[in-house]
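What's counted below: heavy atoms across the whole structure, side chains too, no hydrogens, waters or symmetry copies. Ligands are counted one by one from 1 in listed order, and the atoms in each one are counted from 1 as well.
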Amino acid sequence: MPEPAPAPARAGGAAGMTRRPICIGLSLAATWLAGDGWRRPDSRVEDLHTLGFHADVARRAEAARLDFLFRPDALWVDPQTLASGPGFSSLDPMVLLASLAACTSRIGLVATASTTFGAPWTLARQLLSLHHLSGGRAGWNIVTSLDGARNFGQAAMPDSRERYARALEFTDVVRRLWDSYPHHALPLDRERGRYADPARVRPIDHAGPVFDVQGPLNLPSLPCGAPPLFQAGASERGRDFAARVADGVFAASPDVAAGIELRQDLRRRAVGHGRDADAIRVLPGLSLFLGETTDEARDLYRDTHARHDRARAIAGLRDLLGLDAAALPPDRRIAPDMLADPARPVRSRTHADLLRRLVERERPTLRTLLARPEVAGSAHWRVVGTPRDAVAAIVERVDAGAADGLIALPGGADRSLRLFLDEVVPMLAEGGRFRREYAGTTLREHLEPAQRA
Ligand SMILES: Cc1cc2nc3c(=O)[nH]c(=O)nc-3n(C[C@H](O)[C@H](O)[C@H](O)COP(=O)(O)O)c2cc1C
């Protein structure tokens, strides 16, 4: 993997960071249709797989001058989950974001793509194509996937060690391929009839434990640099991987303490890998249920979650903690000795560890545990309130050293998205915490502190 240039290391918490403009992405997963959000008359759920639906969201996010759109992805669907909502049905991120590149001109376009399946050469080409077509606005959210093995000829998901070892090699190959055909190898000398300097377009000759890739890529790099890298997954291995390669981490941080711990740890690890601590931005998902009044916001949250699916939550507890809660009364307190061996394989170590720590700390009742977002596969920070409440919560987190920004997950209805873009973001800008105008045109320029204002 190409080592980042050594930089003066600065570790630590909020010091030197609090005045850096907040970095804001918006999830394109149409989170406001989740739960019962899609059932609202104005949800536009019929348009969910159209360009019009996404182009509208993208243009609104760009008008608010957000750093980037963020398209999560899954490589499987469980038909049972479709009974109550669109769940993981989704357009291919690369195709979707390439279409959105044509409808926007400034906002970054971050595509989730797994390293557990597929070939690095293909993905390197797709991402660099998106980078070209968008004028340097592509980003790659690197995931090791939670499921989907049977769609790729494998009986089961490889374990965490194997997935992250493969992720490191995969990412290394992609980055070297991006460098293999440098833009300065193209003199484009019309007079002499010389298009490229072939000596500068070099194979990478990679022969590793998993991949054999000769290269070079058949697409030149861009003068603005390679697509920035994002990552999600916060186990020991996930954190180490992020600290080596990621410019941004999509984090599940349900509370400030978890956020501070994760951010300090990632910054320390980044320094350990020869990077500047500020090179890695911790961006928790922020689930937002917004209203003009607190009551309106609470009603929206309650209506969206009215049909709480107990059976799904019980299955989540079984998967994450090895706890069989089907026959337990709701008031039963859950103690650590009721949980299975923490080292057993789970789909997401991040979510399992968050829940286990909660049980150790609070011995919650089963009712409380079933209501936790981690059980349903989410563990995001949540604000249910007015735009002012959201601004206060965001500033508090950033100033506490728990985040460098956020990835917004508006919930319940388009209203949450509208209030976030039209009120929360402008208030942050008025307070000097977010840009008023884009200073550059590429995603890297949006992310780099020196370029952001
Ligand atoms: C906040 C968060 C978001 C994630 N988003 C995705 C996603 O969109 N697609 C996907 O396939 N995996 C996603 N993952 C799964 C991770 O890439 C990873 O496979 C999983 O968390 C296991 O790694 P861990 O043990 O480090 O948590 C996500 C994980 C987290 C914590």
Assess the side chains of [X] and [Y]: does a donor N or O sit below 3.5 Å from an acceptor N or O?
X	Y	value
Arg137	His131	no
Asp389	Thr386	yes
Thr442	Glu445	yes
Asn141	Thr112	yes

Check [X] against ligand 1 and report side chain, backbone, both or neither, counting heavy atoms closer than 4.0 Å.
X	answer
Asp73	backbone
Arg163	side chain
Ala234	backbone

List the closest protein heavy-atom neighbour of [atom]: residue, atom name, distance to the nearest 0.1 Å.
atom	value
atom 20 (C) of ligand 1	Leu146 CD2, 3.6 Å
atom 27 (O) of ligand 1	Thr350 OG1, 2.4 Å
atom 31 (C) of ligand 1	Gly233 N, 3.8 Å
atom 21 (O) of ligand 1	Ser348 OG, 3.6 Å
atom 25 (O) of ligand 1	Arg349 CB, 3.2 Å
atom 6 (C) of ligand 1	Val143 CG1, 3.7 Å
atom 19 (O) of ligand 1	Thr144 OG1, 2.6 Å

Electrostatic pair [X]-[Y], nearest N-O below 4.0 angstrom:
X	Y	value
Arg237	Asp240	no
Arg40	Asp303	no
Asp265	Arg269	yes
Arg175	Asp179	no

Donor-acceptor under 3.5 Å (Trp38 side chain, Ser84 main chain):
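Confirmed, Trp38 side chain pairs with Ser84 backbone.
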
Polar atom proximity, Tyr164 to ligand 1 (N or O, under 3.5 Å):
yes

Decide whether an N or O pair under 3.5 Å exists between His351 and ligand 1.
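Looking only at distances, the answer is no, because the N/O contact criterion of under 3.5 Å is not met.
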
Regarding atom 16 (C) of ligand 1: of the candidates Ala232, Ala251, Gly285, which has the closest heavy atom?
Ala232

Would you tell me which option among Ser27, Ala74, Gly238, Ser235 has the nearest heavy-atom contact to atom 26 (O) of ligand 1?
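The nearest heavy atom belongs to Ser235.
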
Identify, by atom number and element, the atoms of ligand 1 in contact range of Pro72, meaning under 4.0 Å from any of its heavy atoms.
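Those atoms are 8 (O).
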
